[in-house]
Amino acid sequence: MKLVYFCLVGILGVAVIIDCQTFKIPNALIVGALVGGFVVKGTKAILTGDLLIMADMFIAILLTMIILIPLYVFKALGAGDIKLFIVISAYTSMKESLYICLLSLFIGAIIGLIKILSTRMNNISFHKIHYSIPIFLATLISIVQ
């Protein structure tokens with residue numbers, strides 16, 4: 001497994017822990033992770049002489065935002081979750097980024113359905129899910145494939 005993926009999994013792991021404790025993903029973590037992604041992709045672009053690597057990263061980030069902003073507007077995702085997807089776009093290819101995005105939406109739907117069913121059975125009020133968990137799981141699945 002590439003070192004870049006270890007960094008990404010570490011960042012997402014920290015985000016999951018913080019999100020589960022505070023229901024927030026700190027901007028400092030996001031900014032640091034984005035800077036790291038830019039450095040990694042920039043270094044790779046310079047070493048290989050392929051500046052399209054940087055273009056691919058920026059297109060992936062832009063596409064991620066275009067796809068996910070409507071979900072934020074309709075309160076389906078939080079801003080921190082979208083920022084995590086942007087971090088993923090900075091570390092992976094555009095294809096991987098979109099795959100992780102779609103897979104996490106599917107995993108999130110399953111977790112949400114399980115949570116709805118379990119709260120209905122136990123007569124408990126519904127709570128939001130920590131979407132950093134489906135993002136983390138989708139990233140792991142993508143990496144090990």
Side-chain angles (χ1 to χ4, degrees), residues 1-119 125-145:
M1 188 176 352
K2 296 179 184 177
L3 181 60
V4 160
Y5 292 139
F6 282 115
C7 293
L8 182 57
V9 168
I11 291 163
L12 294 176
V14 169
V16 167
I17 291 167
I18 294 171
D19 184 29
C20 287
Q21 292 174 346
T22 65
F23 278 95
K24 292 191 180 281
I25 298 168
N27 287 334
L29 177 65
I30 299 298
V31 170
L34 281 174
V35 168
F38 292 156
V39 168
V40 167
K41 290 278 180 104
T43 302
K44 184 176 180 181
I46 291 169
L47 292 176
T48 62
D50 185 6
L51 295 179
L52 290 178
I53 292 170
M54 294 301 288
D56 181 62
M57 179 186 67
F58 287 115
I59 291 169
I61 288 171
L62 183 62
L63 263 171
T64 300
M65 290 172 57
I66 290 170
I67 291 169
L68 297 177
I69 291 297
L71 294 174
Y72 172 74
V73 169
F74 291 109
K75 306 289 184 204
L77 287 177
D81 304 323
I82 293 174
K83 290 184 267 186
L84 274 184
F85 282 120
I86 291 170
V87 167
I88 290 168
S89 298
Y91 281 85
T92 63
S93 70
M94 185 171 19
K95 183 179 175 183
E96 287 174 305
S97 177
L98 291 175
Y99 175 75
I100 291 168
C101 181
L102 292 174
L103 184 58
S104 70
L105 292 172
F106 179 73
I107 293 169
I110 292 171
I111 291 172
L113 181 61
I114 291 168
K115 192 159 188 171
I116 288 171
L117 293 174
S118 67
T119 57
S125 64
F126 181 71
H127 296 283
K128 295 180 180 180
I129 66 169
H130 299 281
Y131 206 79
S132 58
I133 296 170
I135 295 170
F136 180 76
L137 293 174
T139 304
L140 284 179
I141 291 168
S142 174
I143 289 171
V144 297
Q145 284 185 346

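To the nearest 0.5 Å, the span separating CD on Q145 from CG on L103 amounts to 7.5 Å. Taking CD1 of I111 as the start and CZ of F106 as the end, the distance is 11.0 Å to the nearest 0.5 Å. Considering CD1 of I30 and CG of N27, their distance stands at 7.0 Å, rounded to 0.5 Å. Note that CZ of F85 and CG of L98 are 10.5 Å apart. Values are rounded to the nearest 0.5 Å. Note that CG of L51 is 12.5 Å distant from CG of D56, once rounded to the nearest 0.5 Å. Considering CD1 of I114 and CD1 of I110, their distance stands at 7.0 Å, rounded to 0.5 Å.
Smallest separation of non-hydrogen atoms from L84 and A15: CD2-CB, 3.8 Å. Nearest heavy atoms, L105 versus Y131: CA-OH, 2.9 Å. The shortest heavy-atom contact between I82 and Y72 is CD1-CB, 3.2 Å. D19 and S132 make their closest contact through OD2-OG, 2.7 Å (heavy atoms, listed as atom of the first residue, atom of the second, distance). M54 and K41 get closest at one heavy-atom pair: SD-C, 3.6 Å. Listed here is the closest heavy atom pair of P26 and I18: CD-CG2, 3.5 Å.
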Just do the side-chain contact (heavy atoms from CB on, under 4.5 Å) check on I129 and K115 with the steps written out, would you? CA-CA 8 Å; I129 66 169; K115 192 159 188 171; 3.7 Å; yes
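Side-chain contact between T64 and C101 is absent, with no heavy atoms from C-beta onward closer than 4.5 Å. Using a 4.5 Å heavy-atom threshold, the side chains of M94 and L63 count as touching. Looking only at side-chain heavy atoms (C-beta outward), I53 and M57 stay at 4.5 Å or farther from each other. Side-chain contact between M65 and I86 is present, with at least one heavy-atom pair separated by less than 4.5 Å. I133 has its side chain within reach of C20: a pair of non-hydrogen atoms, C-beta onward, lies under 4.5 Å apart. Between I141 and I107 there is a side-chain heavy-atom pair separated by less than 4.5 Å. Within the 4.5 Å cutoff, no side-chain heavy atoms of T92 are placed close to those of V4.
A donor-acceptor contact shorter than 3.5 Å is absent between the side chain of Y91 and the backbone of V40.
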